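All values derive from a computational prediction rather than experimental measurement. Here is the naming used below: chain letters follow the sequence lines, and residue numbers restart at 1 for every chain.
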Amino acid sequence: MPELPEVEVVRRGLQNWVVGRRIAGVDVAHPRAVRRHLAGPSDFAARLVGTTARSAERRGKYLWLPLDSGAALVAHLGMSGQLLVQPSDTPDEVHLRARLTFADGGRELRFVDQRTFGGLAVEETDPAGVPLSVVHIARDPLDPAFDDDAFVAALRGRRTGVKRALLDQALVSGIGNIYADESLWRAKVHYDRAAASLRASDVRRLLGAARAVMTEALAQGGTSFDALYVNVNGESGYFDRSLDAYGQAGEPCNRCGALIVREPFMNRSSFRCPRCQPPARHGGRRA
DNA sequence: CTATGAACCTGACAGC
DNA sequence: TGCTGTCAGGTTCATA
């Protein structure tokens with residue numbers, strides 16, 4: 001779920017509430033939450049106790065806290081993960097999977113995850129400080145070091161549909177089903193248009209649209225349809241009110257008035273305006 | 001390399 | 001009330 005804006009909201013919360021505090025205790029309530037930590041829950045806990053996070057980092061949808069031990073606590077929220085900063089007397093959440101307590105006795109950090117697609121792990125980092133499980137993830141469009149020219153060339157070199165390419169976290173990270181559809185709507189591109197058929201100017205327009213929509217969503221605290229996507233204090237963002245395509249099937253297009261349609265795509269859904277984003281006549285995937 | 005589909009989970013909702 | 005089927009913001013692996 002959470003895509004770049006929602007994960008960035010969480011990162012800022014961690015920066016604010018967790019960085020600089022020494023970890024005193026770790027409780028893993030559900031071993032699946034640390035399945036990526038191959039040495040197991042007790043090793044996971046042992047590598048955290050006594051350490052302090054130096055900062056809160058993010059690349060795409062991955063979060064990590066560089067620790068003063070040299071390792072990093074990596075978190076991925078999957079489809080339903082939350083990181084909550086809670087007073088210790090707050091009753092346990094139904095889907096509480098792990099809890100970190102701190103030496104200062106203040107609020108604890110809880111990993112709550114209904115569907116358990118997310119998880120935590122303590123990992124080594126590469127010389128640049130990037131955790132090993134994140135090294136294969138491309139930079140995201142809001143990263144100052146994102147290389148626009150390289151992205152334009154790489155996307156146009158893909159022999160696949162443009163939305164597939166946008167969702168490939170090894171090509172560009174942070175974009176999921178919501179922001180892919182919103183970016184394509186803004187750029188007036190059909191999701192199945194062959195990536196290789198796009199002009200460089202089309203790709204730049206698409207990239208600009210992705211940046212704009214994610215920046216606007218971030219300013220509104222992210223997109224949240226229910227209580228599943230919240231910041232570390234449990235508050236929802238409200239960008240869902242600003243969506244032009246995603247989830248808008250049957251609603252009039254905010255640009256031309258045609259009714260937005262939903263179509264099956266990659267075992268999920270794509271939303272588009274049939275008039276602004278028509279199927280390409282000869283620019284389709286098979287062209 | 002690309003393309004599907006399935007798997008991993010729980011819960012909400014629609015329809016009968 | 002309860003059953004069945006469908007759907008959900010993601011990632012990864014197996015099979016063509």
Length of the [atom1]-[atom2] vector between [X] and [N], whole Å:
X	N	atom1	atom2	answer
A:D168	C:dT12	CG	C1'	12 Å
A:R268	B:dT4	CZ	P	15 Å
A:D113	C:dG9	CG	P	15 Å

- [ ] Evaluate whether the aromatic ring of A:F117 and the six-membered ring of the C:dG10 base sit under 5.5 Å apart, centre to centre, with an inclination under 30°.
- [x] yes
Open item on the list: Contact between A:R262 and A:S270 at the side-chain level, heavy atoms closer than 4.5 Å - yes or no?
Closed with: no
TODO: With sequence neighbours left out, write down each residue that passes salt bridge (Lys or Arg N to Asp or Glu O under 4.0 Å) with A:R205, or none if nothing qualifies.
DONE: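 A:R205 satisfies salt bridge (Lys or Arg N to Asp or Glu O under 4.0 Å) with A:D202 once adjacent residues are dropped.
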- [ ] Please confirm whether any donor atom in the side chain of A:R164 sits under 3.5 Å from an acceptor in the base of B:dA3, or the reverse.
- [x]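 Check fails, no donor-acceptor contact within cut-off.
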Task: Distance, C1' atom - from B:dC1 to C:dG10, rounded to whole angstrom - done: 22 Å
- [ ] Provide the full list of ring pair (Phe, Tyr, Trp, His ring centres under 6.0 Å) pairs with a residue in residues 183-218 of chain A, sequence neighbours left out, each pair given once.
- [x] A:Y191-A:F265
- [ ] Counting Watson-Crick and G-U wobble pairs only, both distances under 3.5 Å, name the nucleotide matched with B:dC9, or none.
- [x] none
Task: Watson-Crick or G-U wobble partner of C:dG9, both distances under 3.5 Å - done: none
Task: Residue-phosphate contact under 4.0 Å: A:R32 side-chain N/O, B:dC9 OP1/OP2 - done: yes
TODO: Looking at every strand, decide which applies to A:F239 at a 4.0 Å heavy-atom threshold: base, sugar-phosphate, or nothing.
DONE: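 Touches nothing.
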